[in-house]
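Quick notes on the structure that follows.
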Amino acid sequence: MFKVHAPYKPIDVQEQAAQALSEGIAKKMKNQVLLGVTGSGKTFTMAQVIQKTQMPALIISHNKTLAGQLYQEIRDFFPENAVSYFVSYYDYYQPEAYIPQTDTYIEKEAQINQTIDRLRLASTSNILTRTDPIVVASVSCIYNIGSPLEYGKFILELKVGGMYDLNQIKKRLIELQYVRNEYDFKRGSFRVRGSTIDIYPAAADFGYRVKLDGESITSILKMDPLIGEKIGEEIATGEYVFIYPAKQYMTDPALFESAEIRIRADLEKQYNTLKKDGKEFEATRLLKKVNYDLEMLSEMGYVNGIENYSSYFDGRAPGQPPFTLLDYFKTRFGRDWLVFIDESHMTVPQIRGMYNGDQARKKTLIEYGFRLPSALDNRPLQFSEFYNQIDNVVYVSATPNEWEIEKAQGRVIEQLVRPTGIVDPQVSIRPAKTEIPDLLVEIKKRVEKKERVLVASLTKRIAEDLTSYLKEQGIKTEYLHSDIKTLDRSEILHKLRSADFDVLVGINLLREGIDLPEVSLVAILDADNEGFLRSKTAIIQTMGRAARNSEGEIIIYADTITKSITAAVDEVDRRRNYQVAYNKEHNITPKTIFKEIKEDIIKLEEQKERDFTSGAVFQTLIDIKPDNLTPQDKSKLIEKLRKEMRKQAQGLHFEAAIAIREKMKELE
């Protein structure tokens, strides 16, 4: 059962919006739009819709930063439900590519974030096993992850009191891509001690200890993977524990023989095609590459780049859509699940553009003998395929595009009131020719009041040069643009809110949904350069960053008043007047609400895994029993404790340092 937990109740406008959307869903309206101004509580309204409809939900955002913010908010609203986070698990990703002009082959290079990988695996497991999943995802949810039916087959069921052979359990774990590792017990691994086997599920932050007596499981308990201590009560006799695969893409070894026949047939066909075109070298390259991959698949059941052969194992015909996260929802819930597309004016075009870029890169690899034509079927969904797979869609935006409004057939639910009473900021238009000196004066006013400033520039060079100039003037300033790594962007925004610096200069990354109540001034430079970054939608979104502060103000620098500026200012005026009338009717005094500054979701999850000194984890550390640890575990733990002891001593936390030292002596 979905139940919202919040320290406040929805105001009348939020309740009306949630009720209207829920009624539309009940009437099988496929498309609806929630037009909500910045700070109106759109996420809270989404949560209310989930509670009213009691339907699982997929919430799609167009970047990791916003997805992380949404995940934290939704998780706080639904602490009793299975809320998951599904974004690309690459901290760094360079896709496989070939540049014919320079004869340059770029091998696929990826640095996988293990924490995000665990959260992704938890998403698929929750969908298949829980009745209450909510997944917050980036557009990576439209990429191939393998068939849910095949994934569902790869489960190890262990029952207390059931009859099992230890060797069969080990064999099954290896089939699920778990690695036996007696020395480094980590996610996706297992270890064996006599008739006891420890399993560390890939999607969990705890392990299972399974004890057998002959061919019978006598007990299963949850344990702390680091120290081996029991967590909670033992699993009761007759109850099951389910171990899901260590990787999201799984293939049935029984299908390998038939898949190999198809792969070799396609290899022969493509080999002959390349030779016919006079590409002897490319044909030989392809022959070696595919034969190597087939040998690896035969011996190991897995090969890097296995997804390029996915259509053979999934039983898909050429051109058929890949299996994505959407298929997991469809397999489990049919059509009875919700889709919220957050910041839809950005997310919808992004989903629309994924397919063509992927196909262009793959076609070059195929033409030059690096991949079989079947690699084209390892792809994101085409937009039409995506749209046909979803029902019960709510497009959420402060500035929805015409496409969403047209699809909703006028079903646009407006949420133009902020519970805080804050009105849209006042807008002043000033000459662009004197923008920098004027901006410097305005920035100093805010710095004196300990408020923060956002400056929207047009190019990266301007952002960097302006940042340097402001620093020379004694203003603590940073910049933010697409060259900054995704996870670093969250850190920069966190530092802005924490007053590590006062001014943030950016381009397009400041627009979407970023919650910065400390910002009282947004300045838009060169606003009369009509185009994508200075369109009506872009200007409204940028101005919205100052709409969470009761002192919010917008300065538009322009020598010419463009149609986009006029339309944006008119729309903001309409929304301001609406809020003013609401405040007067309900006797509301606008007030800035300063939300808690939360850590980045990935850093939080990673901190959980290495935090030895906080709360219950520290107490558990003190209670470690050496007999529960292998010699290798003891050695690892002692080294970690030594580093932590020095850290605590340097921080003058001597009691903690002494407790750690005593525990080290006991372990040694």
Just do the side chain to side chain contact (heavy atoms under 4.5 Å, CB included) check on Leu516 and Arg452 with the steps written out, would you? CA-CA 9 Å; Leu516 304 169; Arg452 254 68 89 214; over 6 Å; no

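In this view, Thr420 and Arg418, Ile422, Ile593 satisfy the side-chain contact (heavy atoms from CB on, under 4.5 Å) rule, not counting sequence neighbours. With sequence neighbours left out, Glu15 forms a side-chain hydrogen bond (donor to acceptor under 3.5 Å, both in side chains) with Lys52. Legend: residues meeting side-chain contact (heavy atoms from CB on, under 4.5 Å) with Asp438, ordered by chain and number and at least two apart, are Arg430, Glu442, Tyr557. Taking the side-chain contact (heavy atoms from CB on, under 4.5 Å) definition, one finds that Ala581 meets it with nothing, sequence neighbours left out. Residues passing the side-chain contact (heavy atoms from CB on, under 4.5 Å) test with Pro419, sequence neighbours excluded: Ile11, Gln14. Evaluation of the side-chain hydrogen bond (donor to acceptor under 3.5 Å, both in side chains) rule for Glu80 yields His5 as partners, not counting sequence neighbours. With sequence neighbours excluded, no residue forms a side-chain hydrogen bond (donor to acceptor under 3.5 Å, both in side chains) with Thr467. Residues meeting the side-chain hydrogen bond (donor to acceptor under 3.5 Å, both in side chains) test with Ser140, sequence neighbours left out: Ser138.
Looking only at side-chain heavy atoms (C-beta outward), Gln579 and Asn583 come within less than 4.5 Å of each other.
Using modelled atom types, one finds a donor on one side chain and an acceptor on the other under 3.5 Å when comparing Ser397 with His345.
Salt bridge Glu343/Lys42: absent, no basic N to carboxylate O contact under 4.0 Å.
No donor-acceptor pair closer than 3.5 Å links the side chain of Asp424 to the backbone N or O of Gly544. In this structure, the side chain of Arg548 does not engage the main chain of Glu518 through any donor-acceptor pair within 3.5 Å. Remark: the backbone N or O of Ile60 is not paired with any side-chain donor or acceptor of Asp342 at under 3.5 angstrom. A donor-acceptor contact shorter than 3.5 Å is absent between the side chain of Asp358 and the backbone of Met354. Formation of a donor-acceptor pair under 3.5 Å by the Glu435 side chain with backbone atoms of Leu525 is not found in this model. Remark: the backbone N or O of Phe2 is paired with a side-chain donor or acceptor of Gln54 at under 3.5 angstrom. A distance-only check finds a donor-acceptor pair linking the side chain of Asp528 to the backbone of Asp559 [under 3.5 Å].
Within the structure, the salt bridge (Lys or Arg N to Asp or Glu O under 4.0 Å) test picks out the following pairs touching residues 562-572 (sequence neighbours left out): Glu571-Arg574, Glu571-Arg575. Sorted by first and then second residue, the pairs that involve residues 395-454 and meet ring pair (Phe, Tyr, Trp, His ring centres under 6.0 Å), not counting sequence neighbours, are Phe383-Trp403, Tyr387-Trp403, Tyr395-Trp403. Among residues at least two apart or in separate chains, there is no ring pair (Phe, Tyr, Trp, His ring centres under 6.0 Å) pair with a member in residues 414-440. Pairs passing the salt bridge (Lys or Arg N to Asp or Glu O under 4.0 Å) check and including a residue from residues 530-540, sequence neighbours excluded, do not occur.
In this structure, Phe44 and Phe77 have tilted ring planes: the angle between them lies in the 30° to 60° band.
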